[in-house]
Amino acid sequence: MKEANYDPKKIEKKWQKYWESKKLFQAVNPDARSGRVKAQKPKYYTLVEFPYPSGDGLHVGHVRSYTALDVVARKRRMEGYNVLYPMGWDAFGLPTENYAVKTGIQPAIVTKKNSDNFRRQIKLLGTSFDWSREINTTDPNYYKWTQWIFLQFFKKGLAYKAKAKINWCPSCKIGLANEEVLASENKDAPGKCERCGTQVEEREKEQWMLGITKYADRLDKDLDIVDYPERVKTSQRNWIGRKEGWEIEFKINPTPEPLPEGEGEEMQEPSPLGRAGWGYETADPKIWRALQDRALEMRKNPTEAEDLMWQVARNNSLGCHFRRQQIIGKFIVDFICLEKKLVVEVDGDIHDYQKEADRERTDFLKVNGYKVVRFKNDEVVQNKGSVKNKIAEVLKALSFGEGLGGVLKIFTTRPETIYGATFIARAGKQDKFTGEYAINPATQEKIPIWEAEYIMEGVGSGAIMGVPAHDERDFEFAKKHNIPLQETVIPIRIDKNHPPKEGYKKVTRQAIHAIVKNPKTGKILTLEWTKFPWRTLVIGGVEEGEDVVTAATREIREETGYKNLKFIETLGGQVKAEFFAAHKNENRVSYTTALVFELIDEEREEVSQEEKGKYKITWGTIDDVNPCAEIDVWKERLKNGVGVYTGDGELINSGQFTGRDSFEAKEAIVKLLEAKQKTTYKLRDWVFSRQRYWGEPIPLVFCPSCAKASEGEGWQAVPEKDLPVILPKVKDFKPTENGDSPLAKAEKWLKVKCPKCKAWARRETDVMPNWAGSSWYYIAYLLSENLKSQAPISKQFSNNKVQKNLKYWLGVDWYNGGMEHTTLHLLYSRFWHKFLYDQKLVPGKEPYRKRTSHGFILAPDGQKMSKSRGNVINPDDLVNRFGADALRLYEMFIGPFEQMVSWNEDGLVGTRRFLEKVWRIGLKVAQGETLKMPQGLTLASILNECVKKVGEDIEAMKFNTCVSELMITLKAFEAPTQGRDPDQSVGTIPLKTFETFLKILSPFAPHLAEELWQKLGHKTSITLEPWPKVQVVKKASSEVKIMIQINGKVRDEIVLPPSLTQAEVSNLVIKQPLTAKWLKEKEIKKTIFIPNRLINFVIDN
RNA sequence: GCCGGAGUGGCGGAAUGGCAGACGCGCACGACUCAAAAUCGUGUCUCGUAAGGGGUGUGGGUUCGACUCCCACCUCCGGCACCA
């Protein structure tokens, strides 16, 4: 009989039809009453990201992901699970819309064409998708649900309209998605439009927002309960950017408050708050008392205008607290808002007599940072309303006060550094001193308030306390603007070589380390001690009343005699060093400063006899110095420059906290400051509007009459019975001149009656972003019957059958997708799920139990595949030439699954050859033909090993080694001369053995496995077979190979009965000729023995 | 800058701290063939005739023994980027 060649074209079509007709891969929904399926099969939900059906067709990267989870799904079915492995189309999106703009073809038509093509291509691969549940996000039956879910967000106040920045292309007159903006080479310049290359502008436009930030905390915390790769969790956590910190209030440039009676005297003393620095002089108590009397009198007898003005300003009616007839310095002002530092004056006749005094007063107020607004009497009397508006406008423009009560809130994660805060910075377009000051609540010092470019509006509270000594960016800013620096945290180092010893006294002192450079040689001065094996810098203590430079200069002279020195710099701040000082027999705690000097010349004076004997003066580099506690810090600073110490350490210059550990003192400091603990997030609310066509219409109506009737009631939800809001057909897909969605031109569609008051209203023309439909699609697969139903969605959700179904299937057991979706899609759908969970619509806090990611496949040239580059690999062509099984196998074999790889077709030959071999052997087995092969027992154990390895490696997604293992096992089937068995026999391959092999091959190469399975005489599908069990090896094999190492190097090996003791093995081994040769005349110093595996002799060389 | 990930033959890549380079591609030689293809077999890190030596980005360390663990550095890739 002539052997048929392996012809994938023939068999693959055949089995694909067979599977489909037998509905082998259709998942079974549970019974509505019991919530279970027949035979009580456990469920398993495998999911791959559904594709965007682009015109380019299927990508080999899709194949990689689909095949991988197909292997998992097929294995799970064989393990007895009721498996759901669905597929659908995420079909809304820009490329289709852009194509429509260009060609005028309706996106719906293009989508149909592309998804048909994708389906055809995927079906060629023999993936075990349940096609009966196919979904398409652009299907009105589908987006009806998407719109309904949006309305639930809207009703809960989580969808709101707000101004947001968009990328605007002034040439195309269109808002661009971030992905459509090409990054410009200069990172500060705006990006360019993907299509026309014009520089993109930032524009503000009202957009619908989804309140994802309300879920930020749970999105972060619940990452703990899901099985995602650590890097995915990390990048989600980074994206959410949860940060625990504290909000600290800084009082702003304190204004004098009216002093209570009798306390005026104390004002002459500088108060503990350091008032002298406040920038104004309080009036003499006597003057103050006089002024107060007058003020009270004026309050009692206001002019008409003053009275009216008070009505305007009192009771917080302008949004902040006004006082009248307030004493500021030696003046009385008419009205003042202290928080905003706004003075309102009403000029009557009296004022005309005292212009000089007014000018003086104006100057005084100006100097002290008050804004003064003046009104004429008449103005106030005649038009109270306009005066009120004017003040309101001025107030709005003033920086502080709004809701702040005269304080500025800053957010920090390092409150313990507050003693080093020497300025305040808040968000601004450019660096600018505001002219205002704040009081550091820890030191009570007056510090300037700046606007700074590097502070961002939306981060924290939009303001920081600047600690130049301990923050890089604050340091840069302070340096640039000459703001002083105050060091408050110093590193603590304990000498590893000479750690403090117990039982010795502890001496604390200030010390210096002098680094003296000789500019001629570039070397530095070192001391070699005569009594101790040390080489040190010039070191010494700082004496009472001495500054560090003097101390260092003195020490250099005393110890080395060099007297002409130039001081260069101190090498950063102090370091606290703890060590045992052997030369003094005491423990030292040393606050050390390093100072850098240069020799002016080499002139020296006589060194005292005592010092002379102590050291030898040598020259070297910093690396020659023996390690001391501080040395690493010096080296680091010499190398990278004196920067900023951002670590923890000991607090200095920190009032009552000086000397404490910075980390440990944090709590006490925030308590003292009454700082509020606050958590902030990087995550922003989700801009949910797109001024586009090809997306889900946002199902809202704007009703002008409702808006008029009640503020904030303009937007009305489309009633559930009117869903879906169908995307109307349009002819022109371009946005309008002012950047509105093309839907704004669909006039008939636009006009609609308000669902609430039935007046004429107008539909929202924005559509939803791409991410909407994919945020709940894993639920849609479970509702494929419901999607077709016209029953109200809320009813459907509460239906028992639906709830049982959702409860049975959710969450997704294994979800595979690309790394590029870890921060957007994955986060968004987790957010939607949590929201739906809160509405008690779906079970479980999380949508996906386990997430894995596949590596991207690049073109052979290492570039991204794209039509324009002409480097796209077409799977159709590969299936045609090599067969789907060979392609599947190769995609699994190409490299580590999670790693990015470049496509290389050469390897496909290998997997095809492998399949041909399987085919040939399979036919021979089927015909009972005799094959040369090793003894049955060996073969069985090799196969057993294969079952084990493949099973484990599938779970670990190590598909490449699965394939390798299958190849190795196949070799065993056909190896006539290989192997360690010298007396191998010729015989037949046991049928069962080969069948087992086919079973574990079947998830990878399902068509071939089915065909051979049939040829072996089976009438049912191999996919219905149980997954082979790993045989537990009961009897240990009769011999083991023991490796013989000499000094850790393999020199020999020996085959011995198992379970011998070290002594037994050792005795046998040293008689081996090769081993004996190595051990000849050597003394065995040590023997390492691992039973049944290894023996290692340590000898002298 | 920060956060991830990775550096191993001509190439894709294997390797619980214990034989580095499994498996595949390519290449060379051989068998079969009139011949070629296909197939099968043998070989294929490097220096050395050999014994043996060297070798997993670089430099240190831990260990009887390091691709594997620790420290420092270099390079490449991906993500984020004034994040307080």
Side-chain angles (χ1 to χ4, degrees), chain A residues 5 187-188 229-235 237-243 245-248 410-415 417 421 425-427 452-456 458-467 470-474 476-477 632 680-684 819-820 822-823 855-856 858 862 889-890 893-896 898-914 916-917 920 958 960-971 974-978 1041-1053 1077 1084-1090 1093-1099:
Chain A
N5 283 331
K187 66 172 183 172
D188 291 327
E230 215 39 55
R231 59 187 173 138
V232 171
K233 288 190 184 185
T234 310
S235 77
R237 288 210 171 96
N238 286 346
W239 191 262
I240 296 166
R242 185 193 150 92
K243 191 151 271 174
W246 287 265
E247 209 169 58
I248 301 175
I410 66 98
F411 177 78
T412 179
T413 55
R414 298 200 63 197
T417 62
R426 51 172 227 255
E453 214 183 324
Y454 78 99
I455 304 301
M456 289 182 301
V459 178
S461 59
I464 58 128
M465 61 180 197
V467 186
H470 304 297
D471 181 280
E472 298 278 355
R473 285 153 310 146
D474 295 350
E476 290 304 320
F477 187 84
D632 288 341
T680 64
Y681 301 90
K682 243 194 304 197
L683 188 69
R684 297 279 92 99
M819 242 352 238
E820 70 274 22
T822 50
T823 45
F856 201 74
L858 299 170
L889 214 50
Y890 180 60
F893 189 56
I894 190 166
E898 305 211 327
Q899 199 175 297
M900 187 164 59
V901 289
S902 291
W903 184 259
N904 178 3
E905 200 179 283
D906 297 342
L908 255 167
V909 177
T911 54
R912 171 66 191 246
R913 279 182 197 155
F914 165 72
E916 283 171 0
K917 273 187 220 172
R920 278 197 301 273
K958 289 160 82 176
N960 52 339
T961 49
C962 285
V963 177
S964 145
E965 189 65 24
L966 289 166
M967 286 171 167
I968 291 168
T969 306
L970 183 74
K971 242 185 202 172
E974 60 170 3
T977 57
Q978 268 184 335
K1041 188 178 84 172
I1042 292 178
M1043 219 188 323
I1044 303 166
Q1045 293 184 341
I1046 313 287
N1047 285 348
K1049 282 195 175 141
V1050 179
R1051 294 304 184 187
D1052 199 359
E1053 62 184 44
K1077 193 194 88 184
I1084 297 173
K1085 289 169 69 182
K1086 195 173 166 187
T1087 307
I1088 287 110
F1089 178 68
I1090 301 167
R1093 234 171 77 208
L1094 167 135
I1095 187 158
N1096 183 18
F1097 299 106
V1098 183
I1099 60 171

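From a predicted model like this one, the values you see are computed outputs, not experimental measurements. Below, chain A is the first sequence line, B the second, and so on; all start at residue 1. What you see below is based on every heavy atom in this structure, not just the backbone, and it leaves out hydrogens, waters and symmetry mates.
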Verify the contact: side-chain N or O of A/Arg913 to OP1 or OP2 of B/G26, cut-off strictly under 4.0 Å; return yes or no.
yes
Using a cut-off of 4.0 Å on non-hydrogen atoms, how would the nucleic acid contact of A/Lys1086 be classed: base, sugar-phosphate, or nothing?
sugar-phosphate
Short side-chain N/O contact to B/A38 OP1/OP2 from A/Lys917, under 4.0 Å:
no
Stepwise, does the side chain to side chain contact (heavy atoms under 4.5 Å, CB included) test hold for A/Phe1097 with A/Ile1044?
CA-CA 8 Å; A/Phe1097 299 106; A/Ile1044 303 166; 4.2 Å; yes
Hey, mind stepping through A/Arg1051 and A/Lys1077 against side chain to side chain contact (heavy atoms under 4.5 Å, CB included) and telling me if it holds?
CA-CA 10 Å; A/Arg1051 294 304 184 187; A/Lys1077 193 194 88 184; over 6 Å; no
Any base atoms under 4.0 Å from A/Ile1088, or only sugar-phosphate, or nothing? Heavy atoms, all strands.
base
What does nucleotides 51-57 of chain B look like as a protein-contact string, B for base, S for sugar-phosphate only, - for none, at under 4.0 angstrom between heavy atoms?
SSSS---
Taking atom C1' of B/C64 as reference, at what distance in whole Å does atom CZ of A/Phe1089 sit?
15 Å
Could you check if the base of B/G54 is syn or anti? Syn means the glycosidic torsion is within 90 degrees of 0.
anti
Taking B/A28 as the reference, what is the distance to B/G9 when you measure between their C1' atoms (whole Å, please)?
16 Å
Rounded to whole Å, please give me the gap between CZ in A/Arg1093 and C1' in B/U16.
8 Å
Quantified in whole Å, what is the P atom distance between nucleotide B/U49 and nucleotide B/G61?
34 Å
